[in-house]
Amino acid sequence: MHETERHRVILSAVQDRPVVTVGDLCGLTGASEATIRRDIASLHMQKKLRRVRGGAEAITPPQFVGLAGRPFAVNETLRSPEKRAIARAAVDLCEDGDPIIINGGTTTFQMVHPLASRRCQVFTNSFPIAEHLLKHSKNTIMLSGGAIYREQNIILSPFENDVTRNFYARRMFMGAQGIGPLGLMEADPLLIQAEQKLIGQADELVVLVDSSKFEQRSSLVLCPLSRIDTVITDDRITDKAAAMLEAAEITLIVTETGVGQAEDEAAS
């Protein structure tokens, strides 16, 4: 990743949390600690962020601090390294110009940082994803219409014939409450109705779930395993869960959490 791309990712990340650590930025960019420290120093001198011990913070605190709504805020703190690694792998599937759908959720939200260096056409029902990408990337953003549900930070439309039907996507990226032999599971019928409409607009369905989701169940099935093309998860997935996906002919991408990915860029 070139210096300008790293700087864009770093500035994106500091708007997401009160303080972003050097380790976090290494994970987001694939660069070494030495490179990240130089980047932080450079951006600090340009007064684009504030250098702090062990990392950096935004000069102007983000207006969307904590991402309002207890369920989202609580979920965001769980298995964060896994979610970041999964989100990076998801963005690796994207190319500039791709039309993609990103469903709301705490794992899919982590896609906003690596997407800061891309130029995709993004349709989302997530207000925080749209706001972040609009402010900190050059992606084209389209929001679904409807009411904003504060606790989940998503937009749901009560109407069948809404703007969702006018967007075609190469891939849809989404999380889930659980995944098992019957398929993807969610707890809320309103969520399922909205997500099924989105799924219908994409050629491929890519599911982003940390390994704990294979142990969770719900009373409602969103879609069967046969509709899923790819699952991205972390390296704690069990052999049983992996075999289930293989039997369903689903492509499995396993990420290694917390492992460094690259050395200094030659251009640094």
Side-chain angles (χ1 to χ4, degrees), residues 1-17 28-30 43 48 58 60 62-64 67-68 72 76 83-84 86-149 152-157 159-175 191 194-208 229-230 232 253:
M1 185 180 293
H2 294 297
E3 181 181 277
T4 55
E5 294 176 327
R6 290 198 312 274
H7 285 190
R8 191 174 293 125
V9 171
I10 291 169
L11 292 173
S12 169
V14 297
Q15 292 297 321
D16 176 39
R17 62 200 84 169
L28 288 171
T29 62
L43 292 169
K48 292 183 177 180
T60 303
Q63 296 182 354
F64 224 55
L67 300 174
F72 194 108
E76 192 180 23
K83 291 176 179 179
R84 288 195 293 270
I86 290 167
R88 276 199 310 274
V91 175
D92 284 344
L93 298 177
C94 303
E95 298 180 0
D96 285 351
D98 278 354
I100 61 175
I101 296 173
I102 306 178
N103 192 53
T106 56
T107 305
T108 51
F109 180 78
Q110 293 300 322
M111 292 177 67
V112 299
H113 306 306
L115 274 173
S117 63
R118 300 296 177 92
R119 294 183 180 222
C120 295
Q121 302 174 56
V122 180
F123 184 96
T124 184
N125 61 359
S126 167
F127 188 75
I129 288 175
E131 183 183 52
H132 196 99
L133 289 176
L134 186 63
K135 289 181 177 179
H136 308 292
S137 81
K138 295 184 178 180
N139 294 279
T140 301
I141 313 302
M142 182 179 291
L143 269 171
S144 62
I148 299 175
Y149 286 72
Q152 294 80 18
N153 277 304
I154 58 173
I155 303 169
L156 299 180
S157 172
F159 307 110
E160 178 64 25
N161 187 22
D162 58 26
V163 69
T164 301
R165 303 298 191 192
N166 299 111
F167 189 86
Y168 153 79
R170 181 179 179 185
R171 293 186 180 91
M172 175 176 173
F173 299 90
M174 68 176 300
L191 275 175
E195 290 168 350
Q196 285 177 338
K197 282 196 295 185
L198 290 172
I199 290 172
Q201 299 303 114
D203 284 343
E204 299 179 25
L205 179 59
V206 182
V207 176
L208 285 59
D229 296 282
T230 303
I232 307 176
I253 299 175

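Every residue was checked against the ring pair (Phe, Tyr, Trp, His ring centres under 6.0 Å) condition with His7, not counting sequence neighbours, and none meets it. Not counting sequence neighbours, the partners of Asp98 by the side chain to side chain donor-acceptor pair (under 3.5 Å) test are Arg170. For Asp229, the side chain to side chain donor-acceptor pair (under 3.5 Å) test picks out no residue, with sequence neighbours left out. With sequence neighbours excluded, the residues that form a side chain to side chain donor-acceptor pair (under 3.5 Å) with Arg171 are Glu204. Under the rule for a side chain to side chain contact (heavy atoms under 4.5 Å, CB included), the partners of Ile199 that lie at least two apart in sequence or sit in another chain are Met172, Met174, Leu205, Leu222, Cys223, Arg227. Scored by the side chain to side chain donor-acceptor pair (under 3.5 Å) test, Thr164 finds Asp162 as partners (sequence neighbours excluded). In this structure Arg118 satisfies the salt bridge (Lys or Arg N to Asp or Glu O under 4.0 Å) test with no other residue, sequence neighbours excluded. Applying the side chain to side chain contact (heavy atoms under 4.5 Å, CB included) criterion to Ala194, with sequence neighbours excluded, gives Leu156. For Phe123, the ring pair (Phe, Tyr, Trp, His ring centres under 6.0 Å) partners at least two apart in sequence or on another chain are Phe167.
His136 and His113 have their aromatic ring centers separated by at least 6.0 angstrom.
Summarising the geometry, atom CD1 belonging to Ile141 is positioned 4.5 Å from atom CG belonging to Leu133; distances are rounded to the nearest 0.5 Å. To the nearest 0.5 Å, atoms CZ (Arg119) and OG (Ser137) are separated by 9.5 Å. Distance check, rounded to the nearest 0.5 Å: CD1 of Ile10 to CZ of Arg8 gives 12.0 Å. Expressed to the nearest 0.5 Å, how far CZ of Phe173 lies from CG of Leu115 amounts to 8.0 Å. To the nearest 0.5 angstrom, Glu5 atom CD is 11.0 Å from Thr29 atom OG1. From Leu93, atom CG reaches atom CD1 of Ile232 across 5.0 Å, with rounding to the nearest 0.5 Å.
In this structure, the side chain of Asn125 does not engage the main chain of Ile154 through any donor-acceptor pair within 3.5 Å.
Sequence neighbours left out, not one pair with a member in residues 136-149 passes salt bridge (charged side-chain N to carboxylate O under 4.0 Å, His left out).
Of the residues Val122, Leu134, Ile155, the one that meets the side chain to side chain contact (heavy atoms under 4.5 Å, CB included) test with Leu143 is Ile155.
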| request: Could you check Thr108 against Ser126 for side chain to side chain contact (heavy atoms under 4.5 Å, CB included), going step by step and ending with a plain yes or no? | output: CA-CA 9 Å; Thr108 51; Ser126 167; over 6 Å; no
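At a threshold of 4.5 Å between non-hydrogen side-chain atoms, the residues Thr106 and Lys83 count as touching.
Across Ile129 and Asn103, no two heavy atoms sit closer than the pair CD1-O, 4.1 Å. Minimum heavy-atom separation, Ile102 to Met111: CD1-CE, 4.1 Å. The two residues Asn139 and Cys120 have their closest heavy-atom pair at OD1-N, 2.6 Å.
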